[in-house]
*Asks:* 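Structure in structure tokens, see below.
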Amino acid sequence: MRTGFLIAFLIATPLLLVGCVSMALPRVPARLTAPAAAPALDGTGLASWETGRDALRQRFADEIYGEAPADEPARIVAHELIEAQAFGGLGRIEQYTLDLSGFETHLAVILPNAATAPVPTIILQMFCGNRTALGGREDIAPPAPGAHAPECDGNVQNVPVRMIFGRYIMEPPITDILAHGYALALVYPGDIVPDEADAAAERLVELVPDRPGGAIAAWAWVYSRVVDVLDGDDRFDDRRTAAWGHSRNGKAALLAGALDQRIDLVIAHQAGTGGTALTRTGVGESVEAITSTYPHWFAPAFAAWADNPEGIPIDQHQLIALLAPRPLLIGGGWRDQWSDPQSSFRAAQGASPIYRLYGSDGLSQTGLDDFDPGADIAMAMRPGLHGVQPADWENFLAFLDAHFATH
Ligand code: GCU
């Protein structure tokens, strides 16, 4: 009786909560309610844009993210076959043990068995690590001790988290992804820099002794270290490598794409402040809020702008422009005001002049509601709040199919 009540309570409470919050929050307007980003990028010629790119990357390090660790390639310590016929025979699971500048992490790859040529690959950083992403199987390494978010432990805690943040918050829809012909490469960046202020600060000093950066820069660097492994293996198509991330992982995926040209496509879902959303807006999560709650994510210089966010000399449309002309999908939820989809749309518009220098239109849609999967910058909205839902993955796969099938 008591167990029945507990289960009913665990199921009903989050659903009620999500429903109430969702109804209480206004829907994000589909058309712009403020001007696009300052067109600081207009009129730049391609040659001068490309000459200035490294200096712009450095400004993002100086003002926002801090320095990433040095580009020492990943070292493969071990590589094992976990299961040749997993997911009903659709995929093959392998696991690598990697040494990244002296720190250990694991890379789980799942390759589609139907492939007859090098496969396009999606690199995913998930909130709870590889073992959870693969349904809790014991033969997949868990996160390093101390790197683990408590909400990821055990099934009972998992139930409400999944209900609030969506079915795919911890486990991607692997079978669907394999059926579309993509390989997955899963890595848990908390092994390298834990998502906790003190532990992160300690690790960042070890990784970047001269000018310790923020965790997001280090997590972006982890995406690049996975590319090292994939690019050294003929089974993966090195012209079709995508970086995927949700929220904090989306900020890292975007930065990884901006810094590393080997990443061919980025999906930054609900990445918000410090990600795809303009900072100088006063809407959504403020610099003050993000740098006080997550002091370890950014360079100390970013927190110094908390009282004067309008004064920041660079903004996120310039970070998006560093991807040009590679495809970027920005995902959003109609009630997710915190991640401020309108400011992401404005940033995408602001980056588009640089895409046009390469003969691409950049963002082609005129409102947040007319997702065009074939555009080089696209925005895909779905109902609801923050999280990863089935509708999101439909959009991600449509975008991937539109771009990677054309190679
Ligand atoms: C918090 C944070 C956001 C972040 C999000 C997430 O809400 O304020 O900036 O994107 O966590 O990573 O889920």
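Side chains are part of it too, since the values below use all heavy atoms of this structure and drop only hydrogens, waters and symmetry mates. Atoms within each ligand, like the ligands themselves, are counted from 1 in listed order. Bear in mind the structure is a predicted one, so any value in this text is a computation, not a measurement.
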*Asks:* Consider ligand 1: state whether an atom of it lies below 4.0 angstrom from any non-hydrogen atom of Thr273.
*Replies:*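 The answer is no, since Thr273 has no heavy atom less than 4.0 Å from ligand 1.
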*Asks:* What atoms in ligand 1 come closer than 4.0 Å to a heavy atom of Trp297?
*Replies:*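 Under 4.0 Å from Trp297, ligand 1 has these atoms: 4 (C), 9 (O).
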*Asks:* So does Arg57 pair up with Asp260, basic N to acidic O under 4.0 Å?
*Replies:*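 No, Arg57 and Asp260 are not salt-bridged.
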*Asks:* Can a salt bridge be assigned to the pair Glu83 and Arg137 using a cut-off of 4.0 Å between side-chain N and carboxylate O?
*Replies:*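 Salt bridge flag = yes for Arg137 with Glu83.
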*Asks:* Is there a polar contact between ligand 1 and Ser247, counting only N or O atoms under 3.5 Å apart?
*Replies:*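 N/O-N/O distance under 3.5 Å: yes.
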*Asks:* Is any NZ, NE, NH1 or NH2 atom of the basic residue among Arg131 and Asp139 found under 4.0 Å from an Asp or Glu carboxylate oxygen of the other?
*Replies:*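 Salt bridge: no.
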*Asks:* How are the rings of Trp219 and Trp297 set relative to one another: parallel (under 30°), tilted (30 to 60°) or perpendicular (over 60°)?
*Replies:*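 Trp219 vs Trp297 ring planes: perpendicular.
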*Asks:* For ligand 1, which atoms sit closer than 4.0 Å to a heavy atom of Ile290?
*Replies:*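 Here the atoms of ligand 1 in question are 9 (O).
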*Asks:* Give a yes/no on ligand 1: does Phe165 have at least one heavy atom closer than 4.0 angstrom to it?
*Replies:*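 Checking ligand 1 against Phe165, which is what was asked, there is no heavy-atom contact under 4.0 Å.
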*Asks:* Looking only at protein heavy atoms, which one is nearest to atom 11 (O) of ligand 1, and how far off is it?
*Replies:*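 Going by distance alone, atom 11 (O) of ligand 1 is nearest to Arg248 NH2, 3.0 Å.
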*Asks:* Hey, is Asn249 touching ligand 1 through its side chain, its backbone, both or neither, going by heavy atoms under 4.0 Å?
*Replies:*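 Near ligand 1, Asn249 shows nothing, with every heavy atom at 4.0 Å or more.
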*Asks:* Using a 4.0 Å cut-off to any heavy atom of Phe127, which atoms of ligand 1 qualify?
*Replies:*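 Going through ligand 1 atom by atom, the ones under 4.0 Å from Phe127 are 12 (O), 13 (O).
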*Asks:* Please say whether His246 places an N or O atom under 3.5 Å from an N or O atom belonging to ligand 1.
*Replies:*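 In this structure, His246 places no N or O atom under 3.5 Å from an N or O of ligand 1.
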*Asks:* Is there any N or O on Gln270 that sits under 3.5 Å from an N or O of ligand 1?
*Replies:*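 No: no nitrogen or oxygen of Gln270 is under 3.5 Å from one in ligand 1.
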*Asks:* Measuring centre to centre across the rings, with the benzene-like ring taken for any Trp, is Phe165 within less than 6.0 Å of His246?
*Replies:*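 Ring centres of His246 and Phe165 not closer than 6.0 Å.
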*Asks:* Any chance you could lay out the side chain to side chain contact (heavy atoms under 4.5 Å, CB included) test for Gln349 and Leu32, step after step, and finish with the verdict?
*Replies:* CA-CA 11 Å; Gln349 284 187 322; Leu32 276 202; 3.2 Å; yes
*Asks:* Given His269, which partner from the list Trp393, Phe396, Tyr168 fulfils the ring-ring contact (aromatic ring centres under 6.0 Å, His included) test?
*Replies:*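 Result for ring-ring contact (aromatic ring centres under 6.0 Å, His included) with His269: Phe396.
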